[in-house]
Amino acid sequence: MERLQKILSQAGVASRRRSEQLMLDGRVTLNGLTIRKLGTKADPAHDDIRVDGRRIRLPERHRYLLLNKPRGYVTTRSDPQQRPTVIDLLQGVRAPRQARPSAGSGRPDQLSLPKGEYVYPVGRLDFDSEGLLLLTNDGDLAARLTHPSHGVPRVYEARVLGVPDGRDLERLARGVVIDGHRTKPADVRLSRRSSWRVGPPASASATARLAEAQRRRHLHAHEDRAFERRLSRGGGADADRAVLVITIREGRNRQVRRMCEAIGHPVDHLKRVSIGPIRDPRLKVGQWRELTEDEVRRLREAAGRDARRPPNDHRGGRGGQSPRSRR
């Protein structure tokens, strides 16, 4: 017997916290009875468990997907405002097989997410941001990755207005106060290079959005190159932006954006480049792929670490590249 919210999470319906809210909202039934009491136990092998009338079964196998999310998508399975969601990118979008982690290169064998398979996003990546996002139906791993006690590092490239000085960077690293609570220590550095690629806006269909992503990358490539040339010259009146590489180990709402606002340098563009040991600079905007067995193993190891160790024990993004995804 397991707690009902844990069963829902293991079945890939939602995170454990979101599953609890589904129960409180009266959307979960057990053997025909609406269940609102958290902690209610059930046997998934014998009990009839439903969410919104749909019977829930534990997955025959776990899926672990890595998506390079474009801007203009909501990180959720469905959106009451009818905005595009990251799940839209999995419908009919082809991704290379597990043995070929670099989705953007060559002409590998193709696959698509089978119809009816249920995965959900792990954590947040806001509507206006782009970058790496995990999706899975492994509720236990998702819970560990998102819980702050495990301190799984996430690395972001933040293009900010103005150029922060040493004092600004130190404030970010020590932690700034957001909603009355100080953020945990972060690793922060000013970068003169960026792996920036401009993501697409939302459009009518997943196929059209991916085509738009390719078109916009070509149109704005010269703009990104000019920006990086200004940084490489070390400043001047034209260098009115900078790129910060920020590693955090917690997941507050719009945290990186709000941290930069707190030091007076609001974010102009935000991209997540790694999640724990997982990064893939070759994965194109709007594409997704399966994680390799080795990546899943390393992700589990990262999620099992003790976050009470010093921050320098968790440097994000180093040594986490798959063999085919190294720069």
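Along the sequence shown, the residues carry numbers beginning at 1. Every value quoted in this text rests on a predicted model; they were computed, and no experiment measured them.
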L22 and L24: same hydrophobic cluster, using ILVMFWY side-chain contacts below 4.5 Å?
yes
Just do the side-chain contact (heavy atoms from CB on, under 4.5 Å) check on V155 and I275 with the steps written out, would you?
CA-CA 7 Å; V155 182; I275 304 169; over 6 Å; no
Got a second to check how far L132's CG is from I278's CD1, nearest 0.5 Å?
9.0 Å
Kindly say whether V119 contributes a backbone atom to a donor-acceptor pair with the side chain of R63 at under 3.5 angstrom?
no
Ignoring hydrogens and geometry, is there a side-chain-to-backbone donor-acceptor pair from D88 to T85 under 3.5 Å?
yes
State whether R55 and D47 are salt-bridged, where the test is any N-O pair (Lys NZ or Arg NE/NH1/NH2 against Asp/Glu carboxylate O) under 4.0 Å.
no
D240 versus L161: any side-chain heavy-atom pair under 4.5 Å?
no
From CG (L172) to CG (D187), nearest 0.5 Å
11.5 Å
Give me the atom names and distance for the closest heavy-atom approach of L89 to G286.
CD2-O, 4.3 Å
If I take atom CZ from residue R298 and atom CD from residue E301, how far apart are they, to the nearest 0.5 angstrom?
8.5 Å
Return the minimal non-hydrogen interatomic distance between A303 and L145, and the atom names on each side.
CB-CD2, 3.8 Å
Going by heavy atoms in the side chains, are L65 and E290 under 4.5 Å from each other?
yes
Check salt bridge (charged side-chain N to carboxylate O under 4.0 Å, His left out) between R258 and all other residues, then give those that pass, not counting sequence neighbours.
D179
Can you tell me if K69 uses its side chain to pair, donor with acceptor, with the backbone of D126 under 3.5 Å?
yes
Taking CZ in R3 as the centre, count heavy atoms belonging to other residues, nucleotides or ligands within less than 6.0 Å. Is the count above 12?
no
Determine whether a donor-acceptor pair (N or O, by modelled atom type, separation under 3.5 Å) exists between the side chain of R257 and the backbone of A158.
no
One thing to verify: whether E261 and R254 come together as a salt bridge, which I'm taking to mean a side-chain N less than 4.0 angstrom from a carboxylate O.
no
Side-chain donor or acceptor of T75 paired with backbone N/O of L125 under 3.5 Å
yes
Flag, side chain of T247 to backbone of R154, donor-acceptor distance under 3.5 Å:
no
H265 side chain vs C260 backbone, donor-acceptor pair below 3.5 Å:
no
Indicate yes or no for a side-chain donor-acceptor contact from Q255 to the backbone of R252 under 3.5 Å, with no hydrogens or angles considered.
yes
Taking all heavy atoms of M259 and all of A186, pick out the closest pair and write down the distance.
CE-CB, 4.4 Å
Do the side chains of E170 and R174 get close enough for a salt bridge, i.e. N-O under 4.0 angstrom?
yes
Can you check side-chain contact (heavy atoms from CB on, under 4.5 Å) on N253 and R124, steps first, answer last?
CA-CA 8 Å; N253 187 33; R124 302 184 181 102; 4.1 Å; yes
With the side chain counted from C-beta on, respond yes when D294 and R297 share a heavy-atom pair under 4.5 Å apart, and no when they do not.
yes
Answer with yes or no whether the side chains of R77 and Y120 bring together a donor and an acceptor at under 3.5 Å.
no
For L90 and W288: C-alpha separation, side-chain torsions, deciding distance, then whether side-chain contact (heavy atoms from CB on, under 4.5 Å) applies.
CA-CA 8 Å; L90 307 182; W288 61 273; 3.5 Å; yes
Straight-line distance of T136 OG1 to L291 CG, nearest 0.5 Å
8.5 Å
pair I35-L4: side-chain heavy atoms closer than 4.5 Å:
yes
Looking at every heavy atom in both D165 and D168, which two are closest together, and how far apart are they?
OD1-N, 2.9 Å
For Q81, the side-chain contact (heavy atoms from CB on, under 4.5 Å) test, sequence neighbours excluded, returns D79, R83
side-chain contact (heavy atoms from CB on, under 4.5 Å) assessment of L270 paired with V256:
CA-CA 8 Å; L270 185 64; V256 172; 3.7 Å; yes
Test your reading of the model: is there a side-chain donor-acceptor pair from H150 to the backbone of V152, 3.5 Å cut-off?
no
Using a 4.5 Å cut-off on heavy atoms from C-beta on, say whether the side chain of R167 contacts that of I263.
no
Do D128 and R71 have side chains that get closer than 4.5 Å, going by heavy atoms?
no
Test: D140 and R144 ion pair at under 4.0 Å:
no
Any chance you could measure I49, atom CD1, to T40, atom OG1, to the nearest 0.5 Å?
11.0 Å
Roughly how far apart are T76 OG1 and I87 CD1, rounded to 0.5 Å?
8.0 Å
Exercise: do E130 and H269 side chains pair donor with acceptor under 3.5 Å:
yes
Is a donor from one side chain sitting under 3.5 angstrom from an acceptor on the other, for D48 and N31?
no
Any side-chain heavy atom of R189 sitting closer than 4.5 Å to one from L244?
no
Do L38 and L8 sit in the same hydrophobic cluster, where Ile, Leu, Val, Met, Phe, Trp and Tyr count as joined when their side-chain heavy atoms come under 4.5 Å apart?
yes
Closer than 3.5 angstrom, by distance alone: can the side chain of D25 be matched with the main-chain N or O of R27 as a donor-acceptor pair?
no
Shortest non-hydrogen pair, I56 vs A11, comes out as CG2-CB, 3.3 Å
Any side-chain heavy atom of T183 within less than 4.5 Å of one from E250?
yes
Which atoms form the tightest heavy-atom contact between V86 and L135, and what is the distance?
CG2-CD2, 4.1 Å
CA sep, side-chain torsions, deciding dist, call: R289, E295, salt bridge (charged side-chain N to carboxylate O under 4.0 Å, His left out):
CA-CA 12 Å; R289 66 171 175 85; E295 286 175 321; 2.9 Å; yes
Judged by modelled atom types alone, do S9 and R17 share a side-chain donor-acceptor pair under 3.5 Å?
no
